[in-house]
Amino acid sequence: MASVASTTDIRAFQVDVSEDALDDLRRRIEATRVPSKELVEDRSQGVQLATIQKLADYWASDYDLGRVESRLNALPQFVTEIDGVDIHFIHARSEHEDALPLIMTHGWPGSVIEMLDAIGPLIDPTAHGGSAEDAFHLVVPSLPGYGFSGEPDELGWDLNRTAKAWSELMGRLGYSRYVAQGGDVGAGVTDAMGREAPKGLIGIHTNLLVPALSGVMPTDTDEERAAAAQIATFRQSGQGYFLEMATRPQTIGYALLDSAVALAAWMIDHDTDAYYKIARAFVDEEPSGNLTRDHILDNVTLYWLTGTGASAARSYWEAYGPDAPAAGQQPLPPPTIPFGFTTFPGEIWRTPRSWVEASYPNVIYFNEVDKGGHFAAWEEPELFSTEIRAAFRSLRDEGRTS
Amino acid sequence: MSSTVETTTEIKPFHFEASDDDLENLQLRIGAARWPSMELVDDRSQGVQLKTMQELARYWETDYDWHKVEAQLNGLPQFITDIDGVDVHFIHVRSQHENALPLIMTHGWPGSIIELLETIGPLTNPTAHGGSAEDAFHLVLPSIPGYGFSAEPTERGWFAGRVGQAWAKLMSRLGYTRYVAQGGDQGAAVTDAMARQGPEGLIGIHTNLLVTALAGSPMPTNTDEEKAAQKAADIFRKTGFGYFLEQSTRPQTIGYALLDSPVALAAWMLDHDTDAYYKISSAFVDGKPSGNLTRDHILDNITLYWLTGTGASAARSYWEAGQAQAEAAAAGQKPPEIKIPVGFTAFPGEIWQAPRSWAEAGYPTLSYYNKVDRGGHFAAWEEPELFSSELRACFRPLRAE
C-alpha cells in the first residue's frame, strides 16, 4: 500500500523564493498608482494614504525581501497531506522532556509569521523567564489556502474540517495528549477542535471569544455593555472586508493577487487598534511591541509570494458565507474540555469574564492583561507566552499524576 | 459684480484625449496581471469568475480600442462648470426640436456617462428613432462629482442631496426654467433627492431603481409579485452587499486596488447585481452580449474609470451616502415629501423588480408606472431604445401642461 504510506508522509520543507519573484514585487510596488488622499483625518474612510505611501516606500527600498525565506528556513518546517491538502507546519520541539504538545493556529490576515516570536518563549522557557515545567512542543500549521499550505481545490474546508485535520496532524506527529490555542480564525478552529473533542486534546485557549460573534451575551454591567458597543461598532463600520470575503472572495482576490499595495491595504484594514498601531509603525516609526515594520511586511510579503490572497479569502466564504456548504449548520455543543481565555485590551471587543463563562461550561483560566490587541501573539509574544503557560499549567499536573 | 463670480459660473467647453503613455501603461498592466486560482464553484457565488476575467483581460489588452469612444465623446458637446467648489463635467445635447423638454439624466455606480451615450440619439432626435418631434428632449448628462471627468470633491459632504442641489444650479445656469430629471442606481438617489428638494423649474422625475425600498420603510409583501421582490432584495442584502458595505465604510482601502490594478478595477465593477454580471460575463465568455451591453461598451466604462483614476473617489460617494443616512437617522429626520409627479419603470433584470404597489408606497405622487420585458439594472445602457420610449411615455403628460 505504497500510496497510503505516501499520503501520510511528513516531508521536510524549505521556502525557496526566486529572485524574479522578488524583483517583480519590487517593480510593482514602485509602479504603484495611488488614489487621492482620503477626506478625513482618521481611519474612517479606510487605510490612510500617508500610511500606504510610507509602507510602500519602506517595502520597496529598505525592507529585505529575503526575510520571509530566511526567517522560516531557520525553523523546522514540514509538509504533510491531510484530507487532500498539503499542510505546511512548523514543528519546534522543546528540549525539555515533559513539554506539553501545543498546536497553535494563526488567523486572517495572519499566517505563521504572527507566531514566530512566540516560539522561543514557548519551547525554551528557561531562556525567556519561565521554568522547564512551562515548556511546550510547538506545532504551528498554516491554514489550508494560507501561506505555504496547499489551496483546497474543492468546497467544504470550513472550520470543522480544519479542526479535524489538526487532530489528524497531531496524531500523525505521535502526540496523544496535547492542547490547542488560537486567535481570530485560529480561535474559530481551536473552538471547533474543542467541540469535536478528539482523543488526546485535553484543553484549549483562545484570545478571541468566538461565540460572542453569533450568540447573545449578557449586557448587565458597564463592562459588558462596553464590549457589546464595541461589537456593534465593528459590525457597523468595520465589517466590509469580512462581508466581501464571506460572499465574494474571488472578486477581491483579483486585487490581492495583482496589486501589492492593494494587498497591503486590505490586510492592514483590520480592527481599529491594530490599524493605528501599524500606521504608527510606518508613519511615526513607533511600533507597538513586536509589531514592527519588518514583521508586518514579512506577513504581507508571505501572502504576496505565495499568491494566497484569494484562497485565504475563500476561508471566510467557507466559514461565514451564506452560500457555503456549512451555512446554517448548528455548531456542536460547547466544549466540555478545559477552556482558557485571555482578554487583550486592544482586541475588537474587550471580553468580560462573564461572557467567557456564558460561552464555555468548563473555564479553567481567565485573565485580562494590560498590553496587546487582536494580534496578541505577534505584538506581545512574551506576555502572550506567559498567558499560555498559565492557562495550561493545571493540565500538566493532571497529566503527571494520571 | 466682481469678476470672480463670473468665472465661477462660467461654462467651458471640454475635450479629453488620453495620452499614449497612459494607454500603454494600462495595456502593460493588463498583460502583467497575476491571477488567483479558479473559484471553487460553477457560478458567481464566490465572485467574478476567473474565466470571465481572463477573457475580459485578453480582449482589453489585445482588441479593445479606447480611441473609438474617445472620438464619440469628443464629437459631443461637453462642458465643465464649477458648481459648489467642484468642476462638474457634463454633456449637453440640445434637440433641434423647438419645444423639446429639458431632461437631466444621472448615471450610477459602477457607471458613468458611458451608460447613457446610446440614449442621446433617441432622446434628442426622436424622429430618427421611431418617435415623434413632440417626444424630443434637450439632454444634460452630468458626471457625478468624483466620477469620470468631473473633479473629485476635496471636502466631505457630497452626498446625493448635495449633488441634487448642484444639478438644479446646473440646469438653471443652462437657462432651463422647466425641466425633468431621471436616474437609475446612484442616479436614482440623486433624482429622488432633487424631487424632495423641489427646486423651481423641476416639474417631474422618473427613476428605474426604487430607492425608497432601500431606504428602510417596509414595502407590502402580500402578493406573489411583492413577495418575489422582497426575496430578491433580501438575497441582495445577504450575498450581494459586500461591495456596497466596503465602499460605504472603507472607500480608501478598496481605492488602492481600484487605482493600481486594472483587473481588480474591472472585477470590482463587474461584480454588481446577478443579472448584469451574467450578461456581461456572457458577452466576454460566449461573445453574446445582451442588447447594447457589448464588450466594447463595458470596457469603455471601465477604461474611463482607469484613465481618470476615479475608483476611490467614486467609492467615496457611497461613504457620503452612509454618513448622510446615519446623520439623518440620528437626528430623527424624515426626508421631505415629493410634490411633483414621479414616474417609474420596472426593468425585469433589476436587483428587485419593483411592483406598482411598491412604487406607490414610495411615491404618493406616482404618475407613471410600467413594467417592461427587457433590460436590467443598466437599463439605459442595455436597452437604450426601450429605455428612451419609457421616458417619452412617462413625461408626455407633463409636456401638455
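The sequence lines fix the lettering, A, B, ..., with proteins before strands; numbering per chain opens at 1. As the structure is a computational prediction, the values presented were derived from the model and not from experiment.
- Note that OG1 of B/Thr239 and CZ of B/Arg44 are 7.0 Å apart. Values are rounded to the nearest 0.5 Å.
- Residue with the most contacts toward chain B among A/Ala260, A/Pro152, A/Ser237, A/Ala255: A/Ser237 (heavy-atom pairs, distance under 4.5 Å).
- Checked for salt-bridge contact, A/Arg161 and A/Asp158 miss the test: no charged N lies under 4.0 Å from a carboxylate O.
- If you check the side chains of A/Thr32 and B/Tyr256, you find no donor sitting under 3.5 Å from an acceptor.
- Considering only heavy-atom pairs separated by less than 4.5 Å from chain B, the leading option among A/Asp24, A/Val34, A/Val47 is A/Val47.
- Your options are A/Ala246, A/Gly238, A/Pro249, and the one with the most heavy-atom pairs under 4.5 Å with chain B is A/Pro249.
- Your options are B/Asn25, B/Leu50, B/Asp260, B/Leu258, and the one with the most heavy-atom pairs under 4.5 Å with chain A is B/Asp260.
- For B/Phe241, the parts lying near chain A are the backbone and the side chain together; criterion is any non-hydrogen pair under 4.5 Å.
- Put simply, CZ on A/Arg248 and CD on B/Glu39 are 11.5 Å apart, with the number rounded to the nearest 0.5 Å.
- Put simply, of B/Lys238, B/Arg34, B/Arg29, the one with the most heavy-atom pairs under 4.5 Å next to chain A is B/Arg34.
- Per-residue heavy-atom pair counts under 4.5 Å with chain A were compared for B/Leu40, B/Thr249, B/Ile254, B/Leu259, and the maximum is reached by B/Leu259.
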### Query
Given the rule in the ring pair (Phe, Tyr, Trp, His ring centres under 6.0 Å) test, do B/Phe16 and B/His89 qualify, once you have shown the distances and angles that lead to the verdict?
CA-CA 11 Å; B/Phe16 176 83; B/His89 163 263; 9.3 Å; no

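- Between the side chains of B/Ser45 and A/Trp317, no donor N or O sits under 3.5 Å from an acceptor N or O.
- Under the 30°/60° scheme for interplanar angles, the aromatic rings of A/Phe242 and A/Phe234 are found to stand perpendicular.
- With a threshold of 4.5 angstrom between heavy atoms, B/Gln323 does not approach chain A through any atom at all.
- In this structure the side chain of B/Asp300 reaches within 4.5 angstrom of the side chain of B/Tyr64, judged on heavy atoms.
- For B/Ala266, no part lies under 4.5 angstrom from a heavy atom of chain A.
- Annotation: A/Asp284, atom CG; neighbour count of heavy atoms from other residues, nucleotides and ligands within 6.0 Å is above 12.
- For residues 303-319 of chain B, heavy-atom neighbours of chain A at less than 4.5 Å comprise B/Trp306, B/Gly309, B/Ala312, B/Arg316, B/Trp319, sorted by residue number.
- If you check the side chains of B/Gln230 and B/Asp234, you find a donor sitting under 3.5 Å from an acceptor.
- With sequence neighbours excluded, no residue forms a salt bridge (charged side-chain N to carboxylate O under 4.0 Å, His left out) with B/Arg295.
- Ranked by non-hydrogen atom pairs under 4.5 Å with chain B, the options A/Ser259, A/Gly321, A/Ser36 are led by A/Ser36.
- Under the 3.5 Å distance criterion, the side-chain polar atoms of A/Thr51 are left unmatched by any main-chain donor or acceptor of A/Ala279.
- A 6.0 Å sphere centred on NZ of A/Lys37 holds more than 12 heavy atoms belonging to other residues, nucleotides or ligands.
- Identified by a heavy-atom distance below 4.5 Å to chain A, the contributing residues of residues 154-163 of chain B are B/Thr154, B/Glu155, B/Arg156, in residue-number order.
- Under the 3.5 Å distance criterion, the side-chain polar atoms of B/Gln27 are matched with a main-chain donor or acceptor of B/Glu61.
- With a 4.5 angstrom heavy-atom cutoff, A/Gln48 touches chain B only via backbone atoms.
- With values rounded to the nearest 0.5 angstrom, B/Asp21 atom CG is found 12.5 Å from B/Leu26 atom CG.
- For chain B, the option among A/Asp258, A/Leu243, A/Thr247 with the highest count of heavy-atom pairs below 4.5 Å is A/Asp258.
- For the atom pair CZ (A/Phe148) and OG (A/Ser142), the distance works out to 8.0 Å, reported to the nearest 0.5 Å.
- Contact tally against chain A (heavy-atom pairs below 4.5 Å) for B/Gly255, B/Ala33, B/Ser37: the top residue is B/Ser37.
- Heavy-atom pairs under 4.5 Å with chain B peak, among A/Gly46, A/Ala31, A/Ala262, at A/Gly46.
- Identified by a heavy-atom distance below 4.5 Å to chain B, the contributing residues of residues 38-45 of chain A are A/Glu38, A/Leu39, A/Val40, A/Arg43, A/Ser44, A/Gln45, in residue-number order.
- With rounding to the nearest 0.5 angstrom, the CZ atom of B/Arg58 is 14.0 Å from the CH2 atom of B/Trp60.
- For the atom pair A/Gln236 CD and B/Leu245 CG, the distance stands at 10.0 Å (nearest 0.5 Å).
- A tilted orientation is assigned to the rings of A/Tyr241 and A/His270, their planes being inclined by 30° to 60°.
- Taking 4.0 Å as the cut-off between side-chain N and carboxylate O, B/Asp275 and B/Lys279 count as a salt-bridged pair.
- For A/Trp266, the parts sitting under 4.5 Å from any heavy atom of chain B are the backbone and the side chain alike.
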